[in-house]
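Data first, discussion second: the structure below is written as structure tokens.
What you see is a predicted model; the values in this text were computed from it and never measured. Below, chain A is the first sequence line, B the second, and so on; all start at residue 1.
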Protein chains: 2
Amino acid sequence: MTAFTLASWNINSVRLRAPLVADWVSQADPDVLCLQEIKCQNEQFPEEAFREMGFRHFHVRGQKGMHGVAIASKFPLEDLGDEDLCPRAEARHQRVMVEGIELHNFYIPAGGDEPDPAINPRFAHKLGFLDRIEAYFKARAAENPPLVLVGDFNIAPYEHDVWSHKQLLKVVSHTPVETEALERIRQAGDFADVARELIPMDEKVYSWWSYRARDWKKANRGRRLDHIWAAPAVRERALAGGRDAFRIWEDVRGWEKPSDHAPVVLRIGG
Amino acid sequence: MTAFTLASWNINSVRLRAPLVADWVSQADPDVLCLQEIKCQNEQFPEEAFREMGFRHFHVRGQKGMHGVAIASKFPLEDLGDEDLCPRAEARHQRVMVEGIELHNFYIPAGGDEPDPAINPRFAHKLGFLDRIEAYFKARAAENPPLVLVGDFNIAPYEHDVWSHKQLLKVVSHTPVETEALERIRQAGDFADVARELIPMDEKVYSWWSYRARDWKKANRGRRLDHIWAAPAVRERALAGGRDAFRIWEDVRGWEKPSDHAPVVLRIGG
DNA sequence: GTCCTTGAAG
DNA sequence: CTTCAAGGAC
């Protein structure tokens, strides 16, 4: 088990942003990079560009047009087979073994605008997906597996994970029905929410800022949608580096032609 | 009447290619630049970018989505009012006075695939437009006006204006019904086809290469679709500079993200 | 191939 | 605001 740097980034089209990723990788030097919303088919993944960044191992689960996840790694990846946690098989989840860790990469549905599953099928899909994730990790908890879950969960769970708790309680991503479902998953696997283990609960932390805001930085109406969670079996490795081992690269949101998400990074101990 | 450099370029989206135009203008330094297929509404024309290129005078006739023509000039333009030569008012024609010349900028319809007006309304539209142009300049011939006509005529009139005369006789842009209609317009105003006045008739001359060709340069299946015509009253000014005063910038077709048309330039005498 | 529009999705 | 997908045009 060597130490390594794990990153998660909703890239919002990996083909369009391979050069942006290269820029960032040259600064952040992640060993294992989990991407969401790659928005391409497997064969369209720009593997060559990633090879030039130093990645040699890939696990891509894409589809045409929407969604899609991928892992690029400098360490070998062991394919564990797909569990198909997404009820609709929309290329929203993948898992691999890497350096003794069972790594799950998620792109949980955004869920549409209306936070009512009775009238919004997208929201119902999101909640159904969350239920399935909970059942899956509940069923596996007895094994005490070395799980790390990362990705764009599309939920900002805590008060200071959004710019205004009060104003967002009825906005999809921060409604009680979502944050409670996410908390049930967390408890099902006894996962540590790494960011909140390392950063005080009353400190604002965001990883996403809407494209729609005129000045994302000035308005700073962000949300923490991107997460890294560690199961008890890897809790120590995940938290070993302390506060300095964790970083959300907020500045990247201000780069040329950015994703609306910032990359989230954790140095994991050996 | 000062001498000036006149250019015509089908730019295939002026918003997308304003940087390309700036690159080219910095090399070619045209005084009056006639554009076709600007593909934007008047208020969307990137005037600021053109001001930075040194143009101070504009006459834009655009519409949403398709077609559209524009003139950017370093010399004052006098608006002559629109004649609406296009039967459908599709922003395919404009005219101005500049340095003693009545300048007409045309984007004649491509005409679709099938060269039969009975079954192809696009082709019928093209022929109808040509008829109207002929009637217009016939009616004005007696004035002996100082006319210069430029633009994308979407017709390659002569044998060596296409890569294969024989193979293109049934291809829209080089069919006899089109080349004859264009010749009637030419004769109606006794226009000089500047390129062919200066370049021998048996020399291949192209201004357009399809995007569809794998290697436009190697295949070199071009067509001369872009023209500069001078009426008798300005014939001497137009031809004063001789062969060196005329240039089609073929290389520009090979630049990054090019238009499928190359810019055509004529130095006009004072 | 490349562009524009529309509509869905975020 | 930004992405992708159709469909139409060239």
| message | What is the separation between atom CD1 on Ile38(B) and atom P on dA9(D), rounded to the nearest whole Å? | response | 20 Å

| Euclidean distance, atom CH2 of residue Trp255(B) to atom C1' of dG1(C) [Å, nearest integer] | 20 Å

| Residues Arg224(A), Asp193(A); criterion salt bridge (Lys or Arg N to Asp or Glu O under 4.0 Å); working and verdict | CA-CA 12 Å; Arg224(A) 187 170 71 100; Asp193(A) 175 346; 2.9 Å; yes

| field | Any N/O donor-acceptor pair, Arg212(B) side-chain to dC10(D) base, under 3.5 Å | value | yes

| query | Strictly under 6.0 Å, is that where the ring centroids of Trp9(A) and Trp249(A) end up? | reply | no

| message | Taking the basic N atoms (NZ, or NE/NH1/NH2) and the acidic carboxylate oxygens, is any pair closer than 4.0 Å for Lys170(A) and Asp116(A)? | response | no

| request: Measure the distance from NZ on Lys64(A) to P on dC4(D) and round it to the nearest whole Å. | output: 13 Å

| said: Given dT3(D), dG10(C), dC4(C), identify the nucleotide with an atom nearest to the side chain of Ser13(B). | reply: dC4(C)

| request: Find out whether the Lys NZ or Arg CZ of Arg253(A) is both under 6.0 angstrom from the six-membered ring centre of Trp216(A) and within 45° of the ring's axis. | output: yes

| Quick one: Gln63(A) CD to dA5(D) P, roughly how many Å, whole number? | 10 Å

| note | His261(A) NE2 to dT2(D) P, in whole Å, measures 14 Å

| said: Tell me the interatomic distance from Tyr211(A), atom OH, to dC1(D), atom P, rounded to whole angstroms. | reply: 13 Å

| message | Starting the side chain at C-beta, find the nucleotide from dA9(C), dC3(C), dC4(D) nearest to Met66(A). | response | dA9(C)

| query | So what does Arg17(B) hit on the nucleic acid, given a heavy-atom distance under 4.0 Å: a base, only sugar-phosphate, or nothing? | reply | sugar-phosphate

| remark: Of His93(A), Arg95(A), Gln94(A), the one forming a side-chain hydrogen bond (donor to acceptor under 3.5 Å, both in side chains) with His104(A) is His93(A)

| query | Rounding to a whole Å, what distance do you find between Arg15(A):CZ and dC4(D):P? | reply | 6 Å

| Summary of ring-ring contact (aromatic ring centres under 6.0 Å, His included) pairs that have at least one residue in residues 108-133 of chain B, sequence neighbours excluded | none

| remark: Of the listed dA5(D), dT3(D), dG10(C), the closest approach to the Tyr107(A) side chain comes from dG10(C)

| query | Does the side chain of Lys257(A) get closer than 4.0 angstrom to OP1 or OP2 of dT3(D) through an N or O atom? | reply | yes

| message | Does anything in residues 115-129 of chain B come within less than 4.0 Å of DNA chain C? Heavy atoms only, and list the residues if so. | response | none

| Arg184(B)/Glu180(B) ion pair, N-O < 4.0 Å | no

| message | Measuring from the side chain of Glu37(B) (C-beta onward, heavy atoms only), which nucleotide among dC10(D), dG10(C), dT2(C) has the closest atom? | response | dC10(D)

| request: To the nearest Å, give me how far apart CD (Gln36(B)) and C1' (dC10(D)) are. | output: 14 Å

